[in-house]
Structure formats: C-alpha cells, structure tokens
Engineer: 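To start, I am sharing the structure in question, which I have written as structure tokens.
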Amino acid sequence: MSFNSLPFIVFFVVFFFLYWFIFHRNLKFQNLLILAGSYFFYCWWDWHFLFLLILNSSLNYALGYYMAKATNQRTKSILLYIGVLAGVGSLVYFKYTNFFITSFISAFEKIHIIINIHTINIALPLGISFYTFRTLSYLFDINKEKFKPTSDIVVFFSFVAFFPCLLAGPIDKAQTLIPQLLKKREFNYEKAVDAMRQILYGLFKKIVIADNLAQVTNNIFDNYHHLPGSTLALGVFYYSIEMYTDFSGYSDMAIGFARLIGFDITKNFNFPFFSQSIAEYWRKWHMSLTKWLTEYLFTPLSIALRDYGKMGLILAIIINLTVIGIWHGANWTFVLFGLLHGIYFIPLILKGTMNKNKKIDPDKLLPSFSEFVNMLKTFILVNFAFIFFRSDTVSQAFSIIRRICSISLIQFPQNSKPYFIPVIIVFLLVEWIQRNKQHVLQIENIKQGSLRWGIYFVLFVTILIFVSAGDQTNNGFIYVKF
Amino acid sequence: MEKDEILKKVNDIFIDILDNKDIVLTYNTTANDVEDWDSLNHIQLVVAIEKQFKIRFTSQEIQRWNNVGEMLNSIMTKIT
C-alpha cells in the first residue's frame, strides 16, 4: 500500500472521513484511530513483523516511564543501555547478520582459510531503521532531561507507528510528534489545501520523473560492462535526479498526508542540489536522518574528541558519515559511500570554511558565476558518491568509474534517452525559482487563479497519463527497502 | 565575574566563530534563534568558550543546555 497506489488512496479517504467527521470530538478516539490506521497500514505491507513493532513500542514505553521515575543517574543509564542494546541489537540482527557472516568468510578466504558458515535467511522488517531511530531519540532525550515521557500509551504507540512516516521517515523526534498527539487538532482549510499541493508535487516527482528515470538507470547499471563511459556518466546523473525525486517525492507526500490530519512533521529536503559545499548539502539532504545522527552520534563524538582539534573533528565527521552510509544497508558499497562523503568534508574542516555563511540572496534570479561553480562542484561530488550507492558491489562501482574515466567518455551516449536532459533542466530551473518555498507548488504569487489551476491540472493529467501507461508492478519507493 | 559580563564575552565568541556580526544573545536564546548555530559548529563554540574562561565542561553538561542562560550558569559555577 504505497502512497502512490490506489489502495492507499482508498484507505486515506476512509481514514480522513472517520478522523475529521466521526472521531473529531474525542481526542482519545482520534488517537486510537491513528494507531489502528497505522497498524492496518503496516499489516497491508507485511503483517509478519507487526509483533516486533508492538514489542519495540512496549519496551520503549516502559523504559521511558521508568527512566523518568528513576531517582539516580545510574538507574537511568542502565535503562537507557537496555533500550539502546535492544534497538541497535535488533537493527544489527535483522539488517547486518549476513553482512558480517559473508565479510568474515571472505576475510579468512584472503588468507586461504576456508570457513564453513552459512548465511541465514532473515527478512528485513519494514520501517525498522526508521522506527528504531524514533524510539532511540525518545530515550536519549529523556536521559538528557530534554523530554518528559508521556504516560498515555496510545499516544506513545501512535508516535512510534505514525503511518505517514512509518516506512521511510521523516524520522520525527518525540518532541515534535508527541505534543501534537496530546493536543486537539483543528481542521485548517488553508493548510489542507497546501498539503494537497505538496502531495500533488510529490506524486509528480515520483511517478513522472523518478519512475521513468528508473527504467533508464536500471538498464544502464545492469548492462554497465557493455556501455561506454559517456552513457554511464549520464546514467549516474540520471540516478542522482531519480534518487532525489523518488525520496523527496515520498517525503513531500508523507508531510502532506500528515498535514491533512493536522500534524506538522519534520522537513526532509531543502533543495540540496543547490548547495555550495558538501556541508551545506548534508544540511539539506535527508535532513531528519542527518539531524538525528548529528545530535546523537556526531555531537558526543566531537565533544569526546575536542582536544584533538581539527583531527578530532575530521574523525568524528568520518565516523558519522560512514554510519549514515551503513544505515542504508549491509553492503560495502554503502560503507564506501559514507566514507567518501566523510572524506569530502576534510578540506572544509582544514580550511575552516565548514560553517561559513554562503547563502545566496533569496531574491536573486540567477546565481553568480562562482556560486554556480560551487554548486556544480558539489553536485559532481554527490554524483560520484552515488556510483557506490547504486552499485550492487564495490567491484561494479570501480568498474563503472574506470569506464567513465576512459576515452569512451567522449563517445556519443547509447540507450540513454537524451530527451530526459531538457526535462531535468526545466525541472531544476523550476526548483531553483521556488527554492525559498516550503515546497515547489506554493505558487500563490501567481495571481490569476485560472493559471494556478491550469498548472495543477497539467500536473494531475500528466501523472494520470504516466500511471496508466507505466508498469505499476515495480515502482516502490527506494527508501522503503532501507 | 557578573553574568552579564560573561554573556558579553560569549556573544563575542559567537560573532567570531559563526562569522556573523549581527548576533545578539540573550539568556533565552536557543540554537534555533541563531542562524548557523547547529550541532556541527556547536563544538567549536564550546571549545572557544572553554579556552576563553579556562574551564572544562563535561559531555553531559554540554548536551543538556537548552538555552544560552543554562550555558552561562555552567560557566558561572566553574569560574566562581
């Protein structure tokens, strides 16, 4: 039941009706409906791991409750360690067991020792990376006395399973979501209309851009050993745009659906491809994950390493970015993806320009030449790292890089549907013009209502055309599998 | 040293590290109120404050501050 599927639309319409017209008078019933709806949504995907979601919620509810009651720091810390061990332990078990086994075997193979261990068949529970991070932040904040736990069990369970962001984020902290669950929500027409616009734009990015690009990039990456460097370079460029439109499209929809039921959840993207440095890029790409790791991993690490000056900061950044890479999955390609991004930070830290303000004037129609060059440089670095992210194996990634760096880079690209290039350029131009808005379809500055409606209509019809023409069997969101 | 005097010194550190002359801190200022004061440069601010006042914070202390006022209280308890 993906956001871009008919069952979800039916589910959401029924949910919306019950939420605002039947249960709106009673907050407890409304929250119960969120919880029931979230579990229904989860079971539609896969009911097998619902027990794990409930177990995770129960354990963290109890830990939070007793942590707040604990009179000494020692008890609090023990409860926190139990929570971290259970959360990280289940993540490691479900996501990384086979990775450790195969890495272990191949490490010994290198020194000619054959070890006979079999990998085990473990299915990945949906959303585990996202809801585990949500509950961990809850415990960390209680420990730091930054958040008082709720005793309302329905509210807490709804926070963990909140369906708009259950499967692929944004990773909201308890401080964002729980106070909103405890307070009566009022239907706001203006907000609901704006949410619909955001969902429409998210759908457009996913169905019209990401899904179409996916067909080309899958073809290019599957047949990389037959293709010239030029095609592969174009494939990498397409993949960056695909990733962005897929994941930011998903996030726009998640935020939009949450807003339709009266919630403001964390923003996940802020036009990252217009960043002028890699530090700025990470402040604007998958923002909820970056903020999470910055707060709970990078900050304690950088505090602990602060006596080592810039070297300490570099080490903290490299560990942080490598963990971001590994978070995506159990593959050395993700490790290298994260490590590479960590390395990109080194010149910024050495030059001390990591925090220097380089904001582009919001009223400026075009960037200056140097701003444009900085954006281009950052974009190329991001594209290069995506080669590792997209490749199935490290050797595939290096093989693609070798081909891109060969003379075949100047050949005419094959099978790469070049008509996507002008479409992407127009898309990026529109994003640039709207870069100071919460989302691109905030077009209230267009005074003629007929023109605004014309734009919505064109987007809607284009989506419908691609839905009816496209292959709908294999168009899940990339981040749902993380 | 008075709390206001410490605030002034801390304000100067912020201006220097965050490269922004317009920063005016109050006791209630939080990271959300100051542009570019994020976790990435938070540690550079902490190190600069520790150097200026010749003090040492614990990791727990640093992570518990909710606003500038609480940070100043930590400094006060260490220098008096």
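Bear in mind that the values here come from a model prediction, so they are computed numbers and not experimental data. Side-chain atoms are counted along with the backbone in the values below, which use heavy atoms only and exclude waters and symmetry mates. Reminder, nothing fancy here: chain letters follow the sequence lines and each chain counts from 1.
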Engineer: CZ of F372(A): more than 12 outside heavy atoms within 6.0 angstrom?
Structural biologist: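 No, because the 6.0 Å sphere around CZ of F372(A) holds 12 heavy atoms or fewer from other groups.
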
Engineer: A quick test of your reading: do over 12 heavy atoms of other residues, nucleotides or ligands sit less than 6.0 Å from NZ of K8(B)?
Structural biologist: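 At most 12 heavy atoms, drawn from other residues, nucleotides or ligands, come within 6.0 Å of this atom.
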
Engineer: If you count heavy-atom pairs under 4.5 Å with chain B, which of R306(A), E145(A), K291(A) comes out on top?
Structural biologist: R306(A)

Engineer: Are more than 12 heavy atoms from other residues, nucleotides or ligands located less than 6.0 Å from atom CZ of F271(A)?
Structural biologist: yes

Engineer: Please determine whether side chain to side chain contact (heavy atoms under 4.5 Å, CB included) holds for the pair R56(B) and D307(A), giving the CA-CA distance in whole Å, both sets of side-chain angles, and the decisive distance to 0.1 Å.
Structural biologist: CA-CA 11 Å; R56(B) 181 88 176 165; D307(A) 293 335; 2.7 Å; yes

Engineer: Are there over 12 heavy-atom neighbours, none belonging to K148(A), within less than 6.0 Å of that residue's NZ?
Structural biologist: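 No - once you tally the heavy atoms of other residues, nucleotides and ligands closer than 6.0 Å, there are 12 at most.
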
Engineer: Do I43(B) and L313(A) have side-chain heavy atoms sitting under 4.5 Å apart?
Structural biologist: yes

Engineer: Side chain from CB out, backbone as N, CA, C, O: work out which of these in W65(B) comes under 4.5 Å of a heavy atom of chain A, or both, or neither.
Structural biologist: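 W65(B) touches chain A through backbone heavy atoms alone.
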
Engineer: Could you state the interatomic distance from CD (Q60(B)) to CG (N143(A)), rounded to the nearest 0.5 Å?
Structural biologist: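 The distance works out to 6.0 Å.
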
Engineer: Does NZ in K364(A) sit with more than 12 non-hydrogen atoms of other residues, nucleotides or ligands closer than 6.0 Å?
Structural biologist: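 More than 12 heavy atoms, drawn from other residues, nucleotides or ligands, come within 6.0 Å of this atom.
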
Engineer: So for D141(A), is it side chain, backbone, both, or neither that comes closer than 4.5 Å to the heavy atoms of chain B?
Structural biologist: neither

Engineer: Quick one: does H42(B)'s side chain get under 4.5 Å of E295(A)'s, heavy atoms only?
Structural biologist: no

Engineer: Taking everything shown except K69(A) itself, do over 12 heavy atoms lie less than 6.0 Å from its NZ?
Structural biologist: no

